[in-house]
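Below, chains carry the letters A, B, ... as their sequence lines are ordered, and counting in each starts from 1. Every value quoted in this text rests on a predicted model; they were computed, and no experiment measured them. Every heavy atom of this structure was used, including side-chain atoms; hydrogens, water molecules and symmetry mates were not.
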2 protein chains.
Amino acid sequence: MKTMHKEHTLTKNQQIIFDLIDKSPEPMKAYSILFNVQKKGIKAPLQVYRALDKLVEIGKIHKIESRNAFIACHNSSCQVANATAFSICEVCEKVTEISSVGLSKYLANFKDKDGMKYSKYNLEFFGLCKKCR
Amino acid sequence: MKTMHKEHTLTKNQQIIFDLIDKSPEPMKAYSILFNVQKKGIKAPLQVYRALDKLVEIGKIHKIESRNAFIACHNSSCQVANATAFSICEVCEKVTEISSVGLSKYLANFKDKDGMKYSKYNLEFFGLCKKCR
DNA sequence: TACATGGTGTTATATTATAACAATTTAAAT
DNA sequence: ATTTAAATTGTTATAATATAACACCATGTA
């Protein structure tokens with residue numbers, strides 16, 4: 001896990017899309033993003049997906065794989081872009097990024113049967129949030 | 001009353017599709033499955049997706065969320081249908097189900113900041129497999 | 001019998017994502 | 001400052017993934 005943190009200056013499209021996701025209280029889907037930024041001149045899916053790809057790559061956002069949705073990173077300035085953990089409420093779909101030093105250490109150090117270590121992982125927990133219980 | 005440990009007798013379509021996935025050395029995608037079972041009379045995507053949904057539900061297969069692909073469960077007769085962990089080689093795309101008592105215990109007992117426990121999770125590790133290193 | 005449940009077959013459509021190509025902007029290296 | 005490579009953009013078209021809706025059928029059971 002790289003800890004150096006290069007400052008990426010976002011391009012116009014990237015900034016527009018990041019701002020939207022960052023403001024959103026819940027993960028956003030690509031076509032919902034598209035709909036929301038059309039008034040700003042972003043008209044095609046590819047423009048959205050390209051910005052999303054880049055934002056994921058530099059760790060500003062994460063993809064919630066099981067939901068095909070994107071959420072802004074709120075985890076220590078995105079230092080763990082490739083080692084993510086989320087909790088997902090199966091009723092209200094609330095998604096929260098988990099920042100647990102213990103968990104990330106455990107997973108970063110996990111070795112499989114072949115002694116293989118993995119620096120990248122994505123973990124999604126499912127359950128009921130406080131409200132929905 | 002709920003029958004405990006019901007032995008799920010697979011229906012014809014479910015069996016056909018499970019057999020195909022089970023024989024496959026790699027995760028299979030839905031439309032690849034469809035292509036492969038058309039000669040057996042399964043002609044429409046929905047027939048595939050319905051079988052897949054059921055097979056996932058009863059733990060015979062798992063979905064690799066980051067790849068939109070399905071793999072047969074080889075983990076203690078599917079007792080951990082909802083608590084899955086995989087390693088994925090980013091070069092050759094080989095996917096292996098991880099069965100580590102330590103890992104599953106750690107995750108099953110993991111509590112987030114609110115003390116929330118999760119019985120279901122999906123974890124995907126990314127890296128390079130032995131061959132690809 | 002009737003009824004509930006779950007599976008099937010089918011057509012159509014929704015949703016998610018990428019290919020291909022030309023033009024433009026940006027950063028940096030002469 | 002000018003050149004140049006890399007990244008980004010805009011655009012049209014299309015590929016890949018997944019579900020809606022509806023009619024019908026099989027099976028278990030009240």
- prompt: So, B:S66 and A:E65: side-chain donor and acceptor under 3.5 Å apart, yes or no?
  reply: no
Taken to the nearest whole Å, CD/B:E65 to C1'/C:dT16 is 14 Å
Answer whether the closest heavy-atom distance between the side chains of B:I21 and B:L52 falls below 4.5 Å.
yes
- Please state whether the phosphate of D:dA18, meaning OP1 or OP2, lies under 4.0 angstrom from any side-chain nitrogen or oxygen of B:Y49. yes
Separation of C:dT26 atom P from A:L10 atom CG, nearest Å, is 14 Å
Original post:
With respect to the phosphate group of C:dT8, does any side-chain polar atom (N or O) of B:T11 fall under 4.0 Å of OP1 or OP2?
Top reply: yes
* For the hydrophobic clusters of this structure (ILVMFWY residues joined by side-chain heavy atoms under 4.5 Å, transitively), does one cluster hold both B:I98 and A:Y121? -> yes
For B:C129 and B:C89, the nearest pair of non-hydrogen atoms, with its separation, is N-SG, 3.3 Å
Any side-chain N or O of A:K12 under 4.0 Å from OP1/OP2 of D:dA7? no
Review point. Does B:H62 reach the side chain of B:E97, with side-chain heavy atoms less than 4.5 Å apart?
Key: yes
Atom CZ of A:R67 and atom C1' of C:dT16 are separated, to the nearest Å, by 16 Å
Here the residues of residues 13-42 of chain A within 4.0 Å heavy-atom distance, strictly under, of DNA chain D are A:N13, A:Q14
To the nearest angstrom, the CG-P distance between B:L55 and C:dG7 comes to 10 Å
- prompt: Quick check, are the ring centers of B:F125 and A:F110 under 6.0 angstrom apart?
  reply: yes
N/O donor-acceptor pair under 3.5 Å between A:S100 side chain and A:L103 backbone: yes
Whichever of B:P45 and A:P45 has the more 5' nearest nucleotide on DNA chain D, that residue is A:P45
When rounded to whole Å, the CG to P distance for the pair A:L52 and C:dT16 reads 12 Å
- Query: Cut-off 3.5 Å, side chains only: do B:D112 and B:Y118 have a donor facing an acceptor?
  - Reply: yes
Any A:N68 side-chain N or O less than 4.0 Å from OP1/OP2 of C:dA17
yes
Report task. Check whether any side-chain heavy atom of A:F70 sits under 4.5 Å from a side-chain heavy atom of A:L55, and report yes or no. Result -> no
Mark yes or no for a side-chain to base donor-acceptor pair under 3.5 Å between B:R50 and C:dG9, with no hydrogen or angle criteria applied. yes
query: Under 4.0 Å: is that the gap between some side-chain N or O of B:Q47 and OP1 or OP2 of C:dT8?
result: no
Axis-to-axis angle across the helix from C:dT1-D:dA30 to C:dT30-D:dA1, five pairs each end, nearest 10 degrees, ~ 40°
Assert: residue with more 5' nearest nucleotide on DNA chain D, out of A:K54 and A:A44, is A:K54
A:L46 CG to C:dA17 P, in whole Å, measures 12 Å
**OP:** Respond yes when some side-chain nitrogen or oxygen of A:K43 is under 4.0 Å from OP1 or OP2 of D:dT11, and no when none is.
**Re:** yes
Residues B:M28 and B:S32: closest non-hydrogen pair is CE-OG, 3.4 Å
